[in-house]
Amino acid sequence: MSYHFNDIEAKWQDYWAKHQTFKALNHSDKPKFYVLDMFPYPSGAGLHVGHPLGYIASDIYARYKRHKGFNVLHPQGYDSFGLPAEQYAIQTGQHPAITTEANIKTYRKQLDQIGFSFDWSREVRTSDPKYYKWTQWIFIQLFNSWYHKTSDKAEAIETLISVFESEGNAHVKAACDDSIEVFSAAEWREFSTVKQQKILLKYRLTFLSETEVNWCPTLGTVLANDEIVNGVSERGGHPVVRKKMMQWSMRITAYAQRLLDGLAKIDWPQPLKDSQTYWIGRSEGAMVKFSILNNGLENSKLKTQNSKLFIEVFTTRPDTIFGVSFMTLAPEHELVSKITTPEQKAEVEAYVKATSKRSELERMADVKSVSGVFTGAYVAHPFTDKKIPIWVGDYVLAGYGTGAVMAVPCGDQRDYDFAKHFNLEIPNIFKDVNIDSEAFTDKDNTVISNSDFLNDLPYKKAMKRIIFEIEQRGFGNGKVNYRLRDAVFSRQRYWGEPFPVYYQNGLPQMIDPKYLPIVLPEVENYLPTNDGKPPLGNATNWAWDIEKSTVVNNKLINNKTVFPLELNTMPGWAGSSQYFNRYMDSHNSEALFSKDAVNYWREVDLYIGGSEHATGHLLYSRFWQKFMFDIGLVPTDEYAKKLINQGMIIGTSAFVYRVEGENKFISKGLLAHFKVQAIHADVSFVNASDELDLEAFKNWRPEYKDAIFIKETDGTFKVGREVEKMSKSKYNVVNPDQICEEYGADSLRLFEMFLGPLEQAKPWNTAGITGVHSFLKKLWKLYHLGADGAFYVSDNQATNEEYKTLHKTIKKVEEDIENFSFNTSVSTFMIAVNELTVLKCNKRTILEPLAILIEPYAPHIAEELWQKLGHYESISTANFPLFDPKYLVESSKVYPISFNGKMKFTLELPLDLTKEAIEKAVMAHEKTQQNLQGRIPKNIIIVPGKIVNIVG
RNA sequence: GCUCGAGUGGUGGAAUGGUAGACACGCUGGACUUAAAAUCCAGUGAGCUGUAAGGUUCGUAUGGGUUCAAGUCCCAUCUCGAGUACCA
């Protein structure tokens, strides 16, 4: 009987489903292990061969851990809210839920075909009301919390209210909006409820505020910073502009330091940690206030104001404060219009208007050119009282620090360029440094001069001293600043989680959690409304009746008990920020998860997914986890102990070359003689030797039907190849289905692993798949003997040589899996099977452990063998075999170490590994004897299966 | 520009500081076959040498260094890739 992989694979996939082989229980005598994949967005195109790469790796690890005696949780689900389904709905009117459901079916079929050991009983879908009920629930918890900097954690908002009632807000240390007025307890009690609510909103962990957002007019929605790539939207590449809007935000900045500190305790790839560190962007420095001078400001508003006006700046180099020769404000800075003198007014206004018109993209493309304008106003230097001019320049960003900088041209290249361009003073405050051509930015070699009390101090000492002086004299204070912004949480889309929020007197109110979920309403039209409201503005049934506690028709809004519901929906990352916890107890309708479940599974032990989520999902989910930890929901404040980024599988596109202006195609080898245009051809028309199937290509498009093809001299027509991202539009997508049908799921799994190191990006190329496929056939043949190929295994005792092969394999495969070097284990299997084939070994004592070793990689063929060996239980719970060192040492070599000249040689050791035997072998070796000069070796270091060192 | 990662045969890629190129693809030759496919066997880094078995030199981007021993560790340079982008 030959290897009918299709039958075998279908049989075992059915078996696993029917017996719920991989269903994990929330209690066990075994230790737990949680292996998680980043759940997919079910797109209309289905899975391509790149998607399963990480899933295969995690599946190998999960299956391996089961053999190692762990109770393994290995769930899967769908991140099923998202833009493509919505855009499809806009174009076709098809409800996104229907599209999504259909796509999920396809995904499930494709995933099942590969033979993953997922526990599907725990499946979650972010667009399922039973799931997003809990996304809404967490939103409410965030709304009802504030961040207490003293205890360094989130606390219930009631604790803040009681502080306000007893002592006002003067001494409250909270992460909150900067623009909070100070009030006493008495004042607080006098405030109207509306005012109190407005104040509290500035403290809550999710809050509504007028924010400058990234608005994408084409998509009709706002985007988070991580959804913008090179100044255009990540999806679709549409332009993005800045715009002020009333938006929900998440106060992630409260957690900036903890998000940074937490990186130290998790085993995540360094590049990913680096990019999170950079994204959070901690920098230490000082806030300094520069008083604005009134002289020359006749008739200005300034004179009439009592309060002293000042410009506050953040600087990481307060030590260079004596080098300040001008100030620069961002064009958007609120003081710009207030301080500009009448003479400069026209020029400044023109400049501000011009910069606001420039898109992000233009501003970025044009980093080099210097532009700015003088406001006519001055500040006083806090230490020297010198008059310092105030400029406006677009190299200063409104969103970072205070939107204003103290310019030190000698110590900052941008300030330097600005000063040179506008011919401003460049005082030198560095000892023995030439600043004729560029600024000096080398902190470590800085010695300050021309700076009063800072003279002759190196950088670090100068920093300490100046911050002390600034604080002493009341000019400012030392400060840690973060680049991280609060995360905008509103999207003007239909296909997302609705907020559990209604508005009363213009203030947001949370719906009582017991009435959740608030289900997404039906709409006729998925586009924004004519008056510019988000798509939910089209819903007729979208108002909240507080008496009936139910969603009702908008027409009832005039009733006293009915209020409008929030029209925005939550962003894509809302649903993915806690799904890993929900899997622990995904059917719980009483709670997000039970205490028992979360205390049992605790956190993810291994998380596999792409690095593209570094500053999105992987940062937001850490933030939510920390919040959930603070309010006592989860036992750990980091949810994934170890994370691995699988590399992307890139497509290999095929090109045909058409003569310009003619319907004539030229084979790759003959291009030199023609002027051609390259056109993508579908990769399925091309074989492994780059030959194009002309018939298939002609039938692809009507215009190719009658095309002329100029072939190579050998009669073939060759295409050009190029490595590009896999995409429908490049016709280079390869689906796993084709591979499964042609070679089987086990071949696909082995091949994807064999392709190269897991974490490395690599182009898809099926050329080598015959290698792993013929390996499986050889394995099959090992125990299907004779002309009829009947199953036959021998019960004879295995020889030492056979055991050697087996134990070598056990050791290597175990090491490889622990190190995530899945590619090299595939080689190890091939060597083992080749050796056993040569030995004609079909012995049960060898095949049984071999089946267990191979099962994580090729589970179907392993189950089949296991069953044929007479086992009635699935192989998945069989114990991983232990290797025995005594079978390994034979292959070891000896390297004597000597210090007199070059010498290196090897020696095979005997199987019998007593010290005497080794000494005897060493001394018997002619060269060794020479080099050791008759001495008996003192130390013999034996590492089974490795090198043996003998120190003379 | 900054940060991180990587440069090994015709190709994908192996090598706890210890026989570089495992394993696979491809290629060449052979067996089986009327033939092809499939399968099996042998060879395959480069050069020199030998009738042959073999011998020998050079080889892991480049130049230095540490070491008895370097693809691996250190320094510098070049190239490629990823992330990031005026962050004061």
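All chains are named by letter (A, B, ...) in the order of the sequence lines, taking the proteins before the strands, and each is independently numbered beginning at 1. Just so it is clear, the values below take in all heavy atoms, side chains as well, and ignore hydrogens, waters and symmetry mates.
Looking only at atom types and distance, the side chain of A:Glu815 has no donor-acceptor partner in the side chain of A:Asn819 under 3.5 Å away. Side-chain polar atoms of A:Tyr395 and A:Asp417 form no donor-acceptor pair below 3.5 angstrom. Using a 3.5 Å distance cut-off with no hydrogens or angles, the side chains of A:Thr375 and A:Tyr351 do not pair a donor with an acceptor.
Between B:rU3 and B:rA69, the two P atoms lie 34 Å apart (nearest whole Å). Going from the C1' atom of B:rU72 to that of B:rA15 covers 9 Å, rounded to whole Å. For B:rG45 and B:rA53, the P atoms lie 15 Å apart once the distance is rounded to whole Å. For B:rG18 and B:rU11, the P atoms lie 26 Å apart once the distance is rounded to whole Å. Comparing the C1' positions of B:rC86 and B:rC73 gives an interatomic distance of 38 Å, to the nearest angstrom. Taking atom P in both B:rA42 and B:rA24, one finds a spacing of 12 Å when rounded to whole Å. Remark: the separation of the P atoms in B:rG7 and B:rG71 is 14 Å, to the nearest Å. Nucleotides B:rU33 and B:rG43 are separated by 23 Å at their C1' atoms, to the nearest Å.
One finds no side-chain N or O of A:Asn819 lying less than 4.0 angstrom from the OP1 or OP2 phosphate oxygen of B:rU16. Proximity of A:Thr770 to the phosphate of B:rA24: no side-chain N or O atom is located under 4.0 Å from OP1 or OP2. At the phosphate of B:rC87, OP1 or OP2 sits under 4.0 Å from a side-chain N or O atom of A:Arg414. Distances shown here put a side-chain N or O of A:Gln760 below 4.0 Å from the OP1 or OP2 atom of B:rG13. Between B:rA14 and A:Asn823, a contact under 4.0 Å exists linking OP1 or OP2 to a side-chain N or O.
Here A:Gln270 lies out of heavy-atom contact (under 4.0 Å) with every strand. Looking at heavy-atom distances under 4.0 Å, A:Asp415 makes no contact with the nucleic acid at all. Here A:Pro757 lies in heavy-atom contact (under 4.0 Å) with sugar-phosphate atoms only. Contacts of A:Lys778 with the nucleic acid, taken as non-hydrogen atoms under 4.0 Å apart, involve only primed sugar atoms and P, OP1 or OP2. A:Asn481 comes within 4.0 angstrom of nothing in the nucleic acid, heavy atoms only. Using a 4.0 Å heavy-atom cutoff across all strands shown, A:Ser283 reaches sugar-phosphate atoms only and no base atom.
Side-chain atoms of A:Phe754 lie closest to B:rC23 of the nucleotides B:rC23, B:rG13, B:rA88. With distances taken from any side-chain atom of A:Tyr278 to the nucleotides B:rA88, B:rG13, B:rU84, the minimum falls on B:rU84. Side-chain proximity of A:Asp274 to the nucleotides B:rU3, B:rA88, B:rA85 is greatest for B:rU3. Residue A:Arg483 places its side chain closer to B:rC87 than to any other of B:rA15, B:rC25, B:rC87. Side-chain atoms of A:Tyr395 lie closest to B:rC86 of the nucleotides B:rA24, B:rC86, B:rG13. Checking B:rC86, B:rU39, B:rA88 against every side-chain atom of A:Asp394, the shortest atom distance belongs to B:rC86. Looking at the side chain of A:Val405, the nearest of the listed nucleotides B:rC25, B:rA88, B:rC86 is B:rA88.
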### Query
For RNA chain B, what is the dot-bracket line, given that a base pair needs Watson-Crick (N1 to N3, plus N6-O4 or O6-N4) or G-U wobble (N1-O2 and O6-N3) geometry with both distances under 3.5 Å, and | means paired with another strand?
(((((((..(((.....[....)))((((((.......))))))(((((....)))))..(((((..]....))))))))))))....
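Checking A:Thr316 against A:Lys762, the closest nucleotide of RNA chain B that is more toward the 5' end is the one next to A:Lys762. With RNA chain B read from its 5' end, the first of the two nearest nucleotides for A:Phe314 and A:Thr828 is the one closest to A:Thr828.
Taking atom CG of A:Leu755 as the reference point, atom P of B:rG13 lies 8 Å away to the nearest angstrom. Look at CE on A:Met753: it is 14 Å from P on B:rG13, rounded to the nearest Å.
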### Query
A:Phe314 and A:Val288: side-chain contact (heavy atoms from CB on, under 4.5 Å), yes or no, with the steps?
CA-CA 6 Å; A:Phe314 172 74; A:Val288 190; over 6 Å; no
### Task
In sequence, state the C-alpha distance, the side-chain angles, and the governing distance for A:Phe754 and A:Phe822, and then conclude on side-chain contact (heavy atoms from CB on, under 4.5 Å).
CA-CA 7 Å; A:Phe754 189 66; A:Phe822 302 119; over 6 Å; no
### Query
Is there a side-chain contact (heavy atoms from CB on, under 4.5 Å) between A:Asp746 and A:His773 once you walk through the steps?
CA-CA 8 Å; A:Asp746 285 340; A:His773 187 63; over 6 Å; no
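Salt bridge status for A:Glu814 with A:Lys812: absent, with no side-chain N to carboxylate O gap under 4.0 Å. Ionic pairing of A:Glu835 and A:Lys808 is present here: one or more N-O contacts between side-chain nitrogen and carboxylate oxygen are shorter than 4.0 angstrom.
With A:Tyr3 as the aromatic partner, A:Lys777 does not meet the cation-pi criteria of under 6.0 angstrom to the ring centre and within 45 degrees of the ring axis.
An anti orientation is assigned to B:rG17, its glycosidic angle lying beyond 90° of 0.
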